Enquirer: 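What follows is a single structure, and I will ask about it in a moment.
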Amino acid sequence: MKSIDRLHRNSFRLASIFGLLMLLCVWLGAGCAGPNADYVAADKANYHDIGTDYARYVNNDATLTPDERQGKLDSLELWRMRTEAAEASPTAPGP
């Protein structure tokens, strides 16, 4: 009886692991398409509208330390790079 119970427990563990792996594969597969084209266009417009003003503010704010200023400008640069990468990637279908 103990060996049958052990077999059932092991089977359940293997089935659980297999199920989790399948969910992981589905989740990863769903992430292969890039963001929706409308989202990318909106993000690009936000970057151009907000980013220019934000960069001007950061460069003119005398209360920021050089490290703070560089950190904010780096964040702005990462936003630009992310937007350009999203434009270049295959996009998911629109809504």
Side-chain angles (χ1 to χ4, degrees):
M1 260 333 223
K2 287 185 179 185
S3 62
I4 292 175
D5 287 340
R6 190 176 307 143
L7 179 64
H8 285 287
R9 279 196 310 264
N10 287 337
S11 296
F12 179 76
R13 286 179 187 151
L14 288 175
S16 297
I17 291 170
F18 180 74
L20 288 173
L21 287 174
M22 292 303 293
L23 284 174
L24 179 64
C25 289
V26 168
W27 178 69
L28 289 175
C32 289
N36 177 302
D38 293 335
Y39 172 82
V40 173
D43 195 36
K44 183 178 180 181
N46 282 337
Y47 172 77
H48 285 293
D49 291 344
I50 297 169
T52 306
D53 291 338
Y54 186 69
R56 189 177 314 114
Y57 151 72
V58 168
N59 285 319
N60 292 325
D61 188 349
T63 64
L64 294 174
T65 66
D67 287 340
E68 291 172 329
R69 180 174 289 111
Q70 190 59 51
K72 292 178 184 308
L73 293 174
D74 288 347
S75 294
L76 191 59
E77 179 65 10
L78 286 174
W79 185 9
R80 183 191 64 76
M81 292 170 57
R82 183 180 53 85
T83 302
E84 289 177 357
E87 282 184 306
S89 72
T91 59

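Worth knowing before you read on, the calculation uses all heavy atoms, side chains too, and leaves out hydrogens, waters and symmetry mates. Note that the structure is a prediction, hence the values are computed from the model and not measured. FYI, the numbering just counts along the sequence from 1.
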Enquirer: Applying salt bridge (Lys or Arg N to Asp or Glu O under 4.0 Å), can you list everything that pairs with Glu77, at least two apart in sequence or on another chain?
Expert: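 With sequence neighbours excluded, Glu77 shows a salt bridge (Lys or Arg N to Asp or Glu O under 4.0 Å) to Arg80, given in chain and number order.
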Enquirer: Could you name each residue pair satisfying salt bridge (Lys or Arg N to Asp or Glu O under 4.0 Å) that touches residues 58-74, not counting sequence neighbours?
Expert: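 The answer is none; no pair qualifies.
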Enquirer: So which atom in Ile50 and which in Trp79 form the shortest heavy-atom distance, rounded to 0.1 Å?
Expert: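 Smallest heavy-atom distance, with atoms named: CB-CH2, 4.2 Å.
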Enquirer: Enumerate the salt bridge (Lys or Arg N to Asp or Glu O under 4.0 Å) contacts for residues 41-59, please, sequence neighbours excluded, ordered by first and then second residue.
Expert: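 Non-adjacent pairs meeting salt bridge (Lys or Arg N to Asp or Glu O under 4.0 Å): Asp43-Arg82, Lys44-Glu87, Asp53-Arg56.
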Enquirer: As an exercise, state the distance from CD of Glu84 to OG of Ser89, rounded to the nearest 0.5 Å.
Expert: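 Answer for the CD-OG pair, Glu84 versus Ser89, is 12.5 Å.
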Enquirer: Roughly how far, to the nearest 0.5 Å, is the OH atom of Tyr57 from the CG atom of Leu76?
Expert: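 Spacing of CG (Leu76) from OH (Tyr57) equals 12.5 Å.
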Enquirer: Rounded to the nearest 0.5 Å, what's the gap from CG on Leu78 to OG1 on Thr83? Could you check?
Expert: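 Rounded to the nearest 0.5 Å, the CG-OG1 separation comes out at 10.5 Å.
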Enquirer: Is Val40 reachable from Tyr47 through a run of I, L, V, M, F, W or Y residues, each pair having side-chain heavy atoms under 4.5 Å apart?
Expert: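 Different clusters.
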